[in-house]
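In each ligand, atom 1 is the first atom listed, and ligand 1 is the first ligand listed. Along the sequence shown, the residues carry numbers beginning at 1.
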Amino acid sequence: MIIPLVNNNHTTDKKKNIDQSRTPYFEALENYIDSNITTFHVPGHQQGKGAHERFREFVKKYGLEADVSQVLGLDDINQPSSVVREAQELAALAYNADHTYFMINGSSSGNHAMILSILNPGDKILLPRNVHRSTTGALILSGAVPVYMEPEYDYEMQVDHTVTPETVEKTLKENPDAKAVYILSPTYYGAACNLKEIVGIAHRYDKPTLVDAAWGPHFHFHPDLPMSALDAGADMCINSTHKLGGSMCQASMVHVKGDRIDRGRLESAIRLFLSTSPSCLMVASLDMARMNLATRGFELLDNTLEITNYARDEINQVKGLRTFGYELVGRPGVYGFDGTRLTITARELGYTGYEVEQILRNQYNLQIEMSELFNCVALITIGHTKEDVRKIVSACKDVKNWNREHAMLSKIKLFYKRKDRPLELPDWPRQLMTPREAFVAPFEVVSFRESIGRICNEMITPYPPGIPMLRPGDEITVEVVDHIILEMEAGVHIQGPQDPTLKTIRVVK
Ligand SMILES: Cc1ncc(COP(=O)(O)O)c(C=O)c1O
């Protein structure tokens with residue numbers, strides 16, 4: 001008798017009843033597009049409106065015909081020698097870089113490649129606590145040892161801004177053996193640090209400065225925006241071109257300047273994260289976004305700034321609502337501000353940021369970029385007109401008709417009062433193991449509420465904004481557990497844990 005190596009007869013009775021003609025994801029996408037929502041989220045081209053008209057028409061005309069990967073004549077993004085190389089060289093010139101690399105898995109893979117290009121297992125890197133989860137991913141991959149710097153906390157906004165030059169200098173003094181300084185600027189909320197001074201300090205200690213400028217791909221193209229990372233002297237940075245520069249989702253860039261970065265190692269690191277079947281449309285969208293910004297970025301961004309300023313002024317006149325703007329500049333950790341960011345809070349009226357997002361979507365057909373407990377953020381980009389922005393303004397002016405079904409913030413305040421604590425984010429937990437050590441360590445699963453005092457083995461990230469509240473290696477504290485439970489009650493989407501309900505958590509054994 002021949003025993004088949006593979007049993008092809010997988011169809012159990014249960015599976016027989018499943019209707020394989022269903023396409024839940026595709027249908028959800030169809031519905032989203034059909035519902036004619038006005039978008040204020042990434043990608044910055046806002047469903048094509050902010051893409052260059054030649055690219056928009058091309059995609060409309062050719063659709064799937066243009067979905068090709070690398071073939072003769074279209075170069076190889078993994079080892080560019082002709083048109084990709086030329087496009088990257090033009091991007092480098094446009095961005096004031098020496099070399100630019102196109103990434104097709106977002107700035108997430110840019111973060112991985114930047115850190116792997118410099119750090120070996122055991123090497124120290126200075127970085128702020130409020131980095132994106134992809135930076136923690138890079139620490140796990142590289143085996144680097146993070147030395148965390150405290151970002152400046154804003155008690156009015158209830159968010160972390162950036163780190164100050166003083167904090168960088170102090171941490172460098174305490175850690176002269178660090179291999180590199182890593183900075184996050186700007187933040188999700190548009191706060192930028194004094195990068196020029198920070199780079200000056202790092203270079204005095206002869207340390208390369210890497211910058212997560214995922215939210216700054218437009219900075220170089222308008223003088224009223226904060227200084228771009230490269231203009232401030234950074235050695236390497238990432239830009240999510242797709243977030244605010246007009247390329248397709250996931251299409252980002254890594255830029256390098258000067259001779260502190262080993263380009264050979266960087267290119268090897270980049271290749272670790274590049275698909276060998278890249279979408280040519282994504283690569284082309286980077287080429288077109290660069291062209292658009294380089295040839296008319298000033299004029300496009302001028303309009304974006306004007307309409308965002310208009311929105312801020314109007315919304316600030318609505319009783320109970322508040323938007324944050326240029327008045328932030330000068331607060332600790334805010335040296336510059338991206339005026340295209342619209343952060344709204346309705347805290348005074350008892351609404352969480354999550355609820356404002358729901359209200360804008362359900363009552364006004366507007367989809368913003370992100371929300372958290374206290375605030376929500378709408379992205380105003382080169383894809384917007386004043387007409388679009390008027391919609392969010394008029395939704396805010398209609399605040400008396402907002403559905404008060406939830407208005408949960410008042411309940412949350414009570415929750416914290418009970419515990420005799422003001423309503424604010426908890427302190428960052430202590431790091432007891434490096435992210436890599438904890439990630440690969442034997443683990444056990446325990447009840448989340450009983451995990452206090454244990455070392456976390458996984459990453460717990462409210463998404464957005466994507467800043468982990470617990471990373472592998474962190475000591476789990478009562479404040480963090482309380483806060484995560486509170487956020488979950490308020491409706492946060494948590495990424496990372498094996499158990500998505502977080503009734504249990506993986507801790508180091
Ligand atoms: C600060 C920061 N860095 C990196 C990333 C990752 O960027 P991407 O979505 O392009 O992978 C994000 C995403 O939101 C981010 O906020």
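- Taking the centre of each ring, Phe219 and Phe221 stay at or above the 6.0 Å mark.
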Distances for all N or O pairs of ligand 1 and the protein under 3.5 Å?
unit_1: ligand 1; atom_1: 3 (N); unit_2: Asp212; atom_2: OD1; d: 3.2
unit_1: ligand 1; atom_1: 3 (N); unit_2: Asp212; atom_2: OD2; d: 2.6
unit_1: ligand 1; atom_1: 9 (O); unit_2: Lys243; atom_2: NZ; d: 3.2
unit_1: ligand 1; atom_1: 10 (O); unit_2: Ser107; atom_2: N; d: 2.7
unit_1: ligand 1; atom_1: 10 (O); unit_2: Ser240; atom_2: OG; d: 2.8
unit_1: ligand 1; atom_1: 10 (O); unit_2: His242; atom_2: NE2; d: 2.7
unit_1: ligand 1; atom_1: 11 (O); unit_2: Ser107; atom_2: N; d: 3.2
unit_1: ligand 1; atom_1: 11 (O); unit_2: Ser108; atom_2: N; d: 2.9
unit_1: ligand 1; atom_1: 11 (O); unit_2: Ser108; atom_2: OG; d: 2.6
unit_1: ligand 1; atom_1: 14 (O); unit_2: Lys243; atom_2: NZ; d: 2.9
unit_1: ligand 1; atom_1: 16 (O); unit_2: Trp215; atom_2: NE1; d: 2.8

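- Within the structure, ring-ring contact (aromatic ring centres under 6.0 Å, His included) contacts touching residues 105-143 (residues at least two apart or in different chains) are His112-Phe273, His132-Tyr463.
- Ring-plane geometry between Phe58 and Phe55 is classed as parallel, the angle between the planes falling under 30 degrees on a 0 to 90 degree scale with a further cut at 60.
- Under the rule for a side-chain contact (heavy atoms from CB on, under 4.5 Å), the partners of Val147 that lie at least two apart in sequence or sit in another chain are Lys124, Leu126, Thr171, Asn175.
- A salt bridge is absent between Arg85 and Asp76: the closest approach of a Lys/Arg side-chain nitrogen to an acidic carboxylate oxygen does not fall below 4.0 angstrom.
- Phe102 is linked by a ring-ring contact (aromatic ring centres under 6.0 Å, His included) to nothing, counting only residues two or more places apart in sequence or in another chain.
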